[in-house]
Amino acid sequence: MVLDASELIGEFRELYGREPEGVWAAPGRVNLIGEYTDFNDGFVMPLALPHAARVAVARRTDGLLRLHSGDIADGVTELRVADLAPLAGGGWWTYPAGVVWALLDAGHGAVAGGADVHLRSTVPTGAGLSSSAALEVSVGLALTDLHQLPLTRPELALLCQRAENAFVGVPCGIMDQTASACCEAGHALHLDTRDLSRRQVPLDPGAQGLALLVVDTRVQHALGDGAYAERRAGCEEGARQLGVHRLRDVPHAELPLFLAKLDDERIRRYVRHIVTDNHRVTRAVACLDAGDLRGLGPILTEGHASLRDDLRVSCPELDLVVSSAVAAGALGARMTGGGFGGSAIVLAEADAVPAVASAITSAFSTEGHTPPRLFPATPSQGAHHLP
Ligand code: ADP
Ligand code: MG
């Protein structure tokens with residue numbers, strides 16, 4: 001359900017019997033290209049989705065943090081800010097509580113007074129579209145604005161990542177929070193995860209008669225749980241064997257030479273994925289800068305093959321999205337996010353979208369899969385205050 005700010009404010013009033021001081025929104029994201037590259041100091045290129053977490057927030061002065069999500073039947077969680085401590089295995093509220101903890105830990109003592117928070121989000125959870133980062137960044141921006149904290153957007157993103165890593169206990173990279181905090185409408189964000197330098201790259205598929213779609217497969221395979229850590233460790237092992245700090249430091253032009261130094265077939269595949277996907281980000285940026293959005297199509301499909309065959313993080317449903325979309329005339333498609341379920345993106349001529357969408361849906365039906373959810377990936381605004 002999409003609520004406007006006044007409905008969220010009405011719900012806040014009913015819950016807490018007072019007025020919120022404002023409403024803030026932070027979007028989910030989809031990554032165009034550059035997957036699993038962020039923990040290798042590489043490049044990524046996410047865009048913000050129209051789907052966003054929205055929070056109505058009011059400061060408190062008594063040290064209580066009250067948290068409520070209108071999207072789950074869980075009541076109000078009440079915590080003492082002074083007692084916040086990293087705690088694995090907590091509920092949804094560990095994400096916003098972690099943000100308060102990270103702000104405090106970074107010396108922003110103003111947040112110690114506490115807050116009342118009411119959340120609603122249109123970002124599907126667990127679909128690889130970063131509902132968690134949207135939640136963190138919306139709360140982080142609300143507190144930053146209300147307390148006039150001297151934090152830039154990239155700094156806010158780092159604090160939200162710290163909340164997720166150290167407080168919630170999820171070892172995510174920096175892409176999701178940076179995308180939610182820093183993306184701009186009509187652009188993708190070219191982010192160098194080594195030094196966090198970034199550039200807004202114009203991306204307006206509609207203006208070129210194209211459409212970018214998200215296909216949420218609505219599956220999540222248990223296999224994904226340990227796979228992220230295993231790939232991460234494998235990449236670190238590859239860098240160690242090659243004598244580089246991170247796989248980012250392996251030049252694409254010298255990839256065959258580097259691969260020849262590796263004995264382990266699995267490590268070789270991981271290295272090949274990271275180095276080629278990093279290079280695909282550079283190629284994709286060149287296409288967008290040249291206004292050649294159609295040139296992005298084959299790069300996406302190549303990226304999918306690499307994730308499927310080299311990194312091996314795809315699954316039958318994601319492979320089916322890509323194969324059925326491309327067979328129905330899409331320019332390109334790939335899984336996006338961590339894989340083993342979640343979402344894919346598809347680039348197609350706008351007038352081919354009905355045929356591509358129905359090809360994907362009927363392929364899912366034929367294979368007996370749950371119907372996927374499709375929506376346009378319109379490059380949208382990053383986190384903001386709602387008037
Ligand atoms: P993703 O970020 O890919 O959607 P994660 O597993 O990282 O998946 O984060 C999902 C978690 O974030 C949920 O399990 C829940 O704890 C929290 N979350 C996200 N959106 C909401 C919401 N609207 N209400 C409550 N919790 C939410
Ligand atoms: Mg997440």
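When a ligand or atom number is given, it counts from 1 through the structure's own listing order.
- Among protein heavy atoms, atom 15 (C) of ligand 1 sits closest to Trp92 CB, 3.9 Å.
- Relative ring orientation between Phe375 and His51 is described as tilted, the plane-to-plane angle lying within the 30° to 60° band.
- For ligand 1, none of its N or O atoms has an N or O atom of Arg120 under 3.5 Å away.
- Among the atoms of Ser131, no N, O or S atom is found under 2.8 Å from the Mg ion (ligand 2).
- At a heavy-atom distance under 4.0 Å, atoms from both the backbone and the side chain of Thr125 approach ligand 1.
- Per-residue contacts place Ser121 under 4.0 angstrom from the following atoms of ligand 1 (heavy atoms of the residue considered): 23 (N).
- The Asp71 neighbourhood of ligand 1 comprises atoms 22 (C), 23 (N), with distances under 4.0 Å to a heavy atom of that residue.
- Ranking protein heavy atoms by distance to atom 12 (O) of ligand 1, first place goes to Tyr95 CE1, 3.7 Å.
- The protein non-hydrogen atom at the shortest distance from atom 25 (C) of ligand 1 is Ser69 OG, 3.3 Å.
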(message) Walk me through whether Glu35 and Arg334 qualify under salt bridge (Lys or Arg N to Asp or Glu O under 4.0 Å).
(response) CA-CA 10 Å; Glu35 216 64 77; Arg334 72 174 195 98; 2.8 Å; yes
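- Below 4.0 Å from some heavy atom of Gly126 lie the following atoms of ligand 1, by number and element: 1 (P), 4 (O), 8 (O).
- Note on ring orientation: taking the six-membered ring where Trp is involved, the planes of Phe167 and Trp101 are tilted (angle from 30° to 60°).
- Of the protein's non-hydrogen atoms, Ser132 OG, 3.1 Å is the one closest to atom 7 (O) of ligand 1.
- Because its NZ or CZ atom is not both nearer than 6.0 Å to the ring centre of Phe39 and within 45° of the ring axis, Arg246 does not count as a cation-pi partner of that residue.
- With respect to Leu49, the side chain to side chain contact (heavy atoms under 4.5 Å, CB included) criterion is satisfied by exactly one of Thr122, Val214, Thr378, Val123: Val214.
- Contact of the Leu32 side chain with the Leu203 side chain is registered, since non-hydrogen atoms from C-beta on lie closer than 4.5 Å.
- Counting protein heavy atoms only, atom 18 (N) of ligand 1 is closest to Leu135 CD2, 3.7 Å.
- Each of Leu318 and Val219 belongs to its own hydrophobic cluster when Ile, Leu, Val, Met, Phe, Trp and Tyr are linked at side-chain heavy-atom distances under 4.5 angstrom.
- Within a 4.0 Å radius of atom 23 (N) of ligand 1, the protein has at least one heavy atom.
- Side-chain contact check for Asp319 and Ser314: at least one donor-acceptor pair (N or O, by modelled atom type) lies under 3.5 Å.
- At a 4.0 Å heavy-atom cut-off, ligand 1 touches Ser131 through backbone and side chain alike.
- Under a 3.5 Å cut-off, the side chain of Glu7 and the backbone N or O of Asp4 do form a donor-acceptor pair.
- Here Leu119 has side-chain heavy atoms under 4.0 Å from ligand 1, and that is the only part of it that gets that close.
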